[in-house]
Undergrad: 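Below you'll find the structure I mean.
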Amino acid sequence: MGWLHGWVGLVSGLCLLCVFATGTLAVFDTEITRWMQPETEGHFSTHPTDTALSDATTLLRSQQARGIAAFLVLPSVRSPVLEILHYNGHEFVGDVLDPATGVVIPTRRTTGGKFFYNFHYTLRGGHETGIRVVNMLAMGLLVVVGAGIIIHLHALVPDVVLLRLSTSRIRSWLDVHLLAGVLALPFMVMIAYTGILVHADTIMPAHSLLHETKKGRISSPSALPKPPLQAVPPLSPLLSIAQQDLGGRPCGFILFGPDRMSIFASDAAAPYLTRDHVDFSLPDGHLLGVTLNTGQIATTMQLMHGLHYARFAGPGLRWLYFISGLFGTAVIASGLVLFLMKRRRKSGHLAIFRVAEGLTVASMTSLLTAILAFLWSNRLLPSTLPDRDGMEIDIFFAVWGLGALHALSRSLFGNPMSGWQEQLAAAAIMGCGLPLLDMVSAPQALIHDAAIHMGVDGMGLVAGLVALHAARCLQARTA
Amino acid sequence: MTILASLLLWVVCLSCHAGLQPVRYGLPLSSAPYRTGMWAVRLITSLMALVITLRDGTIIGMVEWCMTFSVAGVIVAVCVAGLRRDRP
């Protein structure tokens with residue numbers, strides 16, 4: 001079991017650390033997007049006016065006429081603006097509208113927190129391969145957790161809050177690993193299990209066959225001409241009817257077809273993430289039907305989706321999800337460090353060990369630096385720069401790649417501690433500097449949207465201080 | 001409010017859990033009646049936390065209960081580790 005826990009943990013842990021870290025950030029994806037679009041400050045309302053809805057549908061129809069598969073997202077407590085979004089192959093991006101006036105807010109182009117969300121479940125490896133890899137890793141996590149429980153079974157309950165910081169370093173790291181692992185065990189099992197179920201189809205053999213069939217169907221040219229886009233009637237009365245038919249749940253988004261529209265229930269309405277919707281015909285707005293998925297299997301899957309995505313969570317529970325995600329990240333990170341510490345004396349001279357250490361630095365400190373660089377680039381790149389959303393992502397990967405090269409070179413040339421220290425120092429500077437950067441670059445947003453900005457800036461500052469403390473501890477030990 | 005109450009109850013519960021195993025956690029030994037009291041408090045506070053969180057609904061309540069347990073565990077662990085380090 002020790003072998004299984006250690007080696008499967010190392011191989012899957014290097015990637016799972018990135019999946020957990022970005023997943024943790026994705027808990028606040030909407031809030032990060034708002035931080036990254038300070039231009040939206042002062043345009044908040046959860047109740048869009050008739051004018052705004054009318055202007056939004058006009059703009060949406062014009063985009064559809066140009067072949068963009070756009071849809072309308074209604075304002076919510078977390079994102080109190082109207083959005084006309086389309087899928088760009090990775091994220092849902094698009095225009096942001098003032099819910100009071102319907103005017104397009106000239107926001108800077110950014111993928112925002114949605115980048116972390118997409119990276120979390122695809123590793124940016126595409127919708128097929130990436131998801132499959134992440135699902136395999138999640139299964140690896142369940143194996144590692146199971147092996148860990150068996151190893152630690154005798155002391156699982158008595159040692160549940162045991163932390164010995166004054167004993168040997170390896171003992172302290174083991175205690176941190178066990179403490180975070182045992183305390184976050186319910187969360188880790190739940191999030192891994194629900195994560196696998198969300199995309200369970202991708203790891204089934206029939207999926208690739210189905211996908212090929214679908215591709216064949218899509219690629220065959222359609223002989224039928226496209227029907228004309230019908231006019232959209234005023235949305236407010238239809239939203240009221242839809243909310244009533246959806247059992248009082250608020251409406252989340254609207255899909256528009258050429259001659260019909262579907263109003264969907266908000267994901268934030270309940271822990272069950274449904275796709276219940278109400279259909280209306282266009283242009284007259286007659287009710288066509290209500291689709292409620294209430295079967296036992298459907299309900300179970302809705303709950304699995306809901307628990308994993310946590311869109312139902314209010315601010316308090318959302319913070320708990322975030323903190324639990326940090327615990328999960330800490331479990332994996334401390335496990336990787338322990339793996340190296342245990343083998344350093346015996347195998348530290350081996351090239352494979354040095355590569356493993358370099359990769360560990362890359363997935364821990366380089367990733368942190370890359371995340372902070374992503375946030376910094378949002379403020380340093382000119383807001384009118386074309387394709388700046390792509391450039392932000394390029395900067396993220398460039399910093400991460402350079403960090404990985406630096407870590408590997410330091411480790412392979414026998415100086416891994418310098419690699420840790422230098423990267424921690426870089427993360428400390430960028431993390432501690434983030435609030436200052438925000439204060440200088442978006443002072444108005446900091447005042448009008450204080451909670452969001454203080455949250456993101458505060459997390460940057462905490463990350464910076466933790467990195468600084470770790471760098472100083474390492475420096476003291478090597479001195 | 002529910003989350004804070006549950007967190008507080010879990011902190012009390014896990015503190016008693018540590019207190020019930022003084023040797024393992026490097027804490028001072030306690031008398032038998034005191035231990036019985038701690039055992040009862042550990043049981044009652046965890047159940048009270050469950051009852052309080054379940055008022056938010058079964059699913060949300062269970063999630064809150066488990067997550068506040070995690071956070072409270074870290075708080076207690078850090079405090080107990082600090083106590084142990086401060087002891088002569």
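Throughout, a chain's letter reflects where its sequence line sits, starting with A, and its residues are numbered from 1.
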Undergrad: Can you name the closest pair of heavy atoms from A:His305 and A:Leu273 and give their distance?
TA: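 That closest heavy-atom pairing would be CB-CB, 3.9 Å.
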Undergrad: Between A:Leu142 and A:Ala192, what is the shortest heavy-atom contact and its length?
TA: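 Taking every non-hydrogen atom into account, CD2-CB, 3.8 Å.
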Undergrad: Answer with side chain, backbone, both or neither: which region of A:Pro186 has an atom nearer than 4.5 Å to a non-hydrogen atom of chain B?
TA: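 For A:Pro186, side-chain heavy atoms alone lie under 4.5 Å from chain B.
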Undergrad: Quick check on the interface: out of A:Gly314, A:Ala155, A:Pro158, who has the most heavy-atom pairs with chain B under 4.5 Å?
TA: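 The residue among A:Gly314, A:Ala155, A:Pro158 with the greatest pair count is A:Pro158.
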Undergrad: With B:Met48, which of B:Leu50, B:Ile44, B:Val51 fulfils side-chain contact (heavy atoms from CB on, under 4.5 Å)?
TA: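 Per the side-chain contact (heavy atoms from CB on, under 4.5 Å) rule, the option paired with B:Met48 is B:Ile44, out of B:Leu50, B:Ile44, B:Val51.
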Undergrad: Is any side-chain N of the basic residue among A:Arg311 and A:Asp29 closer than 4.0 Å to the acidic one's carboxylate O?
TA: no
Undergrad: Over all heavy atoms of both residues, which pair between A:Thr30 and A:Ser79 is shortest? Give the atoms and the distance, please.
TA: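 Looks like CG2-CB, 3.5 Å.
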Undergrad: What I'd like to find out is whether the side chain of A:Leu17 reaches to under 4.5 Å of the side chain of A:Thr329, using heavy atoms alone.
TA: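 Answer yes - side chains close enough.
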Undergrad: Given a strict heavy-atom distance threshold of 4.5 Å, which part of A:Asp159 is in contact with chain B: side chain, backbone, both, or neither?
TA: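 For A:Asp159, backbone and side chain are both near chain B.
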Undergrad: Under 4.5 Å from any heavy atom of chain B, what part of A:Leu317 do you find: side chain, backbone, both or neither?
TA: both
Undergrad: At a 4.5 Å cut-off on heavy atoms, which part of A:Leu320 comes close to chain B: side chain, backbone, both, or neither?
TA: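 A:Leu320 touches chain B through backbone and side-chain heavy atoms alike.
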Undergrad: Would A:Phe322 and A:Phe28 satisfy ring pair (Phe, Tyr, Trp, His ring centres under 6.0 Å), going step by step from the backbone distance to the final call?
TA: CA-CA 8 Å; A:Phe322 182 79; A:Phe28 285 116; 5.4 Å; yes
Undergrad: With a 4.5 angstrom heavy-atom cut-off, could you sort out which part of B:Glu64 is near chain A: side chain, backbone, both or neither?
TA: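 B:Glu64 touches chain A through backbone and side-chain heavy atoms alike.
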Undergrad: Under 4.5 Å from any heavy atom of chain A, what part of B:Leu14 do you find: side chain, backbone, both or neither?
TA: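 Backbone plus side chain of B:Leu14, per the 4.5 Å heavy-atom cut-off to chain A.
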Undergrad: Counting heavy-atom pairs under 4.5 Å to chain B, which of A:Ile323, A:Leu303, A:Leu183, A:Leu185 comes out on top?
TA: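 Between A:Ile323, A:Leu303, A:Leu183, A:Leu185, the count favours A:Leu183.
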Undergrad: Which bit of A:Tyr321 is near chain B, if near means a heavy-atom gap under 4.5 Å: side chain, backbone, both or neither?
TA: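 Contact with chain B is through both the backbone and side chain of A:Tyr321.
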Undergrad: For A:Leu307, which atoms come within 4.5 Å of any heavy atom of chain B: side chain, backbone, both, or neither?
TA: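 The side chain, not the backbone.
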